[in-house]
Amino acid sequence: MPLRLYNTLSNTLEDFIPIHSDEVKMYTCGPTVYHYVHIGNFRTFIFQDILRRYLVYKGYRITHAMNITDVEDKIISNARAQGLSISDYTRKYEDAFFEDMNALRIQRPEIMPRATEHIDEMLDLVSSLQEKGHTYEREGSTYFRISSFDQYGRLSGVQVDEESTFGQVDEDEYSKENPRDFVLWKGHRDEEESWDSPFGEGRPGWHLECSAMSMKYLGETFDIHCGGVDLVFPHHENEIAQSEGATGKPFVNYWVHGAHLIVEGQKMSKSLGNFYTLRDLLDKGYNPLALRLLLSSVHYRKQLNFTFDGVSQAQSAIQRGNDFLLRMGEVTEDGPASAVVERIVEKASAGFEAAMDDDLNTSAALASVFELVREINTLFDSQNLNSGDRDSVLGFFKKANTVFDVFNLEKEALEDQEILELIEERNKARGNKDFKRSDEIRDMLQKKGIVLEDGKEGTRWKRRI
RNA sequence: GGCGGCGUACCCAAGUGGCUAAGGGAGAGGUCUGCAAAACCUUUAUGCAGCGGUUCGAAUCCGCUCGCCGCCUCCA
């Protein structure tokens, strides 16, 4: 079955058919590195990660590019205020971004270009646009004239006539022919860092980098472009205008946008005091994978209300999956998989793929995983499982986890000597009815995050996530 | 002013015309245990914001009402 994706360009669900049958080229708008990336940004990056991983799951080779915006108004003013160069200022946040991505198990895109390293490509693009009559110059800056591109507004549905403009227009935009015209190259001001160019000394407009870098690495027409909904207008609309204006070819076939995150029912903002970075959650003791699951488990086109209770709930759900994997590790009897187990695995697998194929219905996909957990647990309790069953179940789990990547499939140091010795000592104490000593050991391990489970088959231990 | 989304159990959340309304969390009961905890199982919506309509049949389609949120301006 083909993957179906909601394409903002057509406002409908479409079968996903890449330009090359076995290969997907995709571009996602990356972070502006002027601050630590917040959990709302990560909601978008995680949805993109799920998409990319599911494409790989479907067997596609993937080339994924994500830009790093390291030149932009806030960066320039913050860097100046701290007396740093742009690169010294941004590098810290860029490094932090990569750390956070690792913690959240967001796969690193194949190509992560920095805007400041692609000024030449951006200038080439402006030159092409100039040759084709899409630009004009005012007060040292070069603008894109949207009236020269008749498809303008096709993605967002925004009307180009001036009367439909609502709200205020920036003062320094008064000189534009149309308030919706956007800057390609900003003329030099004050002591800002700047670059020489055929359009005068200056720096690139924000929209320019994504067009220049995506086409450089993915071609003039490529498969998927993602971002948060807020980018539909004007950013992505402008990207289309710049790219198609310059090449005369379709820029992107599928535009896929993720809904925003709100916090405790309100828009996340610093003034409301509900603005969180991953670091804030780690400081409060939450596991990054719990955030990953929470952010993955709501459909990407539905607004997600972040709460701390939600993170805890996700953490418990991961624990349930990990506990299940521990139990599967205890299956010892050799033998071929039974028909019952095979049926359960097939059902789960079909359910998982049908859900993901349906515009990445992650909630339903996870339901398939947990339904299997319950059914196999029941069989496990009746002692009916052998190694074939286990391998079949784990095979499914492993595959599903290539997409979600929240469960612990590593056989972690179960032979951890110190812990095993303590458990043995405790069981001896229990045998001698020395419950004071046995409880002491139990409490001590508990404090280290290790939970003991006394059951029929003896004592099992696990680490809490 | 324009455009759009959402409202399903105590919480999160699938389901968008027809079998018993997924799944997770929490609570309750049970199994296990020295006691616990943990784990596992069972269980919890005659009901899908409200009111009307279409239909043999609606959470699902249509209309109105109420409530929440977003975009149109830098923004994931």
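Order of the sequence lines sets the chain letters (A, B, ...), proteins ahead of strands, with each chain counted from 1. Note that the structure is a prediction, hence the values are computed from the model and not measured.
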Q: Tell me which of A:Asp309 and A:Phe45 sits closer to the 5' end of RNA chain B, going by the nucleotide each one is nearest to.
A: A:Asp309
Q: Quick check: are there more than 12 heavy atoms from other residues, nucleotides or ligands sitting under 6.0 Å from CD of A:Glu264?
A: yes
Q: Distance between the C1' atoms of B:C32 and B:A26, in whole angstroms?
A: 22 Å
Q: Starting from P on B:C40, measure out to CG on A:Leu385 and report it in whole angstrom.
A: 14 Å
Q: Grab the stems for RNA chain B, please: at least three consecutive Watson-Crick or wobble pairs, both distances below 3.5 Å, written as range with range.
A: B:1-7 with B:66-72, B:10-12 with B:23-25, B:26-31 with B:39-44, B:49-53 with B:61-65
Q: Taking side chain to side chain contact (heavy atoms under 4.5 Å, CB included) as the test, write out the residues that go with A:Ala429, two or more places apart.
A: A:Asp434, A:Arg437, A:Ser438
Q: Could you work out the separation of B:C61 and B:U44 based on their C1' atoms and round it to a whole Å?
A: 31 Å
Q: Are any side-chain N or O atoms of A:His38 and backbone N or O atoms of A:Asn41, one a donor and one an acceptor, separated by less than 3.5 Å?
A: yes
Q: Please confirm whether the shortest side-chain N or O distance from A:Lys267 to OP1 or OP2 of B:C71 is below 4.0 Å.
A: yes
Q: Does A:Glu330 reach the side chain of A:Arg390, with side-chain heavy atoms less than 4.5 Å apart?
A: no
Q: Where along residues 225-237 of chain A does a heavy atom come under 4.0 Å from RNA chain B, residue by residue in number order?
A: A:Gly227, A:Gly228, A:Asp230, A:Leu231, A:Phe233
Q: Using 30° and 60° as the class limits, which term best fits the ring planes of A:Tyr36 and A:Tyr93: parallel, tilted or perpendicular?
A: perpendicular
Q: Looking at B:A76, B:C40, B:C74, which one has an atom nearest to any side-chain atom of A:Glu72?
A: B:C74
Q: Check the phosphate of B:G23 against A:Arg374, side-chain N and O only, distance under 4.0 Å to OP1 or OP2. Yes or no?
A: yes
Q: Heavy atoms under 4.0 Å is the rule here; annotate nucleotides 27-34 of chain B 5' to 3' with B where the base is hit, S where only the sugar-phosphate is, and - elsewhere.
A: -----SSB
Q: What integer number of Å spans the P atoms of B:A21 and B:A58?
A: 14 Å
Q: Scan nucleotides 18-21 of chain B against the protein and return all N/O pairs shorter than 3.5 Å with their distances rounded to 0.1 Å.
A:
none

Q: Please identify each residue that fulfils salt bridge (Lys or Arg N to Asp or Glu O under 4.0 Å) with A:Glu193, with sequence neighbours left out.
A: none
Q: Of all residues at least two apart in sequence or in a different chain, which pass the salt bridge (Lys or Arg N to Asp or Glu O under 4.0 Å) check with A:Lys347?
A: A:Glu371, A:Glu375
Q: To the nearest Å, how far apart are A:Phe306 CZ and B:C69 P?
A: 18 Å
Q: For a quick check of understanding: with a heavy-atom distance under 4.0 Å over all strands, which category does A:Leu452 fall into, base, sugar-phosphate or nothing?
A: base
Q: What is the distance, to the nearest angstrom, from the CD atom on A:Glu209 to the P atom on B:C74?
A: 15 Å
Q: Which value, in whole Å, describes the distance between the P atoms of nucleotides B:A38 and B:G30?
A: 16 Å
Q: Can you name the one residue among A:Leu51, A:Thr44, A:Ile50 that meets side-chain contact (heavy atoms from CB on, under 4.5 Å) with A:Gln48?
A: A:Thr44
Q: Return yes if a side-chain donor-acceptor contact under 3.5 Å exists between A:His64 and A:Thr28, otherwise no.
A: yes
Q: Hey, does A:Phe397 have a side-chain heavy atom less than 4.5 Å from the side chain of A:Val373?
A: yes
Q: Can you check each nucleotide of nucleotides 2-8 of chain B against protein heavy atoms at under 4.0 Å and return B for base, S for sugar-phosphate only, - for none, in 5' to 3' order?
A: -------
Q: I want to check one thing: is the phosphate of B:C69, taken as OP1 and OP2, less than 4.0 Å away from some side-chain N or O of A:Asn305?
A: no
Q: Side chain of A:Asp223, backbone of A:Lys25: donor and acceptor closer than 3.5 Å?
A: yes
Q: To the side chain of A:Gln313, which of B:C40, B:A22, B:C11 is closest?
A: B:C11
Q: Students often get this wrong, so: under 4.0 angstrom with heavy atoms, is A:Gly351 touching a base, only sugar-phosphate, or nothing?
A: nothing
Q: Among B:C75, B:A22, B:A39, which is the nearest nucleotide to the side chain of A:Ala367?
A: B:A22
Q: Can you tell me, in whole Å, how much space there is between the P of B:U8 and that of B:G4?
A: 23 Å
Q: State plainly whether the residues A:Asp49 and A:Arg108 are in salt-bridge range, i.e. N to O under 4.0 Å.
A: no
Q: Do the charged groups of A:Arg426 and A:Glu440 touch, with an N to O distance under 4.0 Å?
A: no
Q: If a pair satisfies ring-ring contact (aromatic ring centres under 6.0 Å, His included) and one of its residues is in residues 351-370 of chain A, list it, with sequence neighbours excluded.
A: A:Tyr57-A:Phe352
Q: To the side chain of A:Leu261, which of B:A76, B:C74, B:A22 is closest?
A: B:A76
Q: In whole angstrom, give me the gap between the C1' atoms of B:U65 and B:G7.
A: 14 Å
Q: Please confirm whether A:Phe251 and A:Phe222 have ring centers closer than 6.0 angstrom.
A: yes
Q: Please state the C1' separation for the pair B:G23 and B:U43 - nearest whole angstrom.
A: 16 Å
Q: Whole angstrom is fine here: how far is it from CG in A:Asp443 over to C1' in B:A38?
A: 14 Å
Q: Who are the salt bridge (Lys or Arg N to Asp or Glu O under 4.0 Å) partners of A:Asp150, not counting sequence neighbours?
A: none
Q: In whole Å, what is the span from the CD atom of A:Gln315 to the C1' atom of B:C12?
A: 15 Å
Q: Look at A:Arg460 and B:A38 and indicate whether a side-chain polar atom (N or O) is within less than 4.0 Å of OP1 or OP2.
A: no
Q: Which heavy-atom pair separates A:Arg327 from A:Asn377 by the least distance, and what is that distance?
A: NH1-OD1, 2.6 Å
Q: For A:Arg301, give me all partners under salt bridge (Lys or Arg N to Asp or Glu O under 4.0 Å), at least two apart in sequence or on another chain.
A: A:Asp359
Q: Can you sort out which residues in residues 356-364 of chain A have a heavy atom within less than 4.0 Å of RNA chain B? Ascending by number, please.
A: A:Asn361, A:Ser363, A:Ala364
Q: B:A22 P sits how many Å from A:Phe352 CZ, rounded?
A: 21 Å
Q: Check this for me: does any side-chain nitrogen of one of A:Asp100 and A:Arg279 sit under 4.0 Å from a carboxylate oxygen of the other?
A: yes
Q: Is any side-chain heavy atom of A:Val256 closer than 4.5 Å to a side-chain heavy atom of A:Tyr6?
A: no
Q: What is the distance, rounded to the nearest whole Å, between atom CZ of A:Phe324 and atom C1' of B:C40?
A: 12 Å
Q: Hey, is A:His260 doing a stacking thing with B:A76, by the 5.5 Å centroid and 30° angle criteria?
A: yes
Q: Rounded to the nearest angstrom, tell me the gap between atom CG in A:Leu304 and atom P in B:A13.
A: 7 Å
Q: Give me the distance, rounded to whole Å, that separates B:A13 from B:U31 when you measure between the P atoms they each carry.
A: 35 Å
Q: Would you say that A:Ile39 contacts A:Leu281 through its side chain, given a criterion of any heavy-atom pair below 4.5 Å between the two side chains?
A: yes
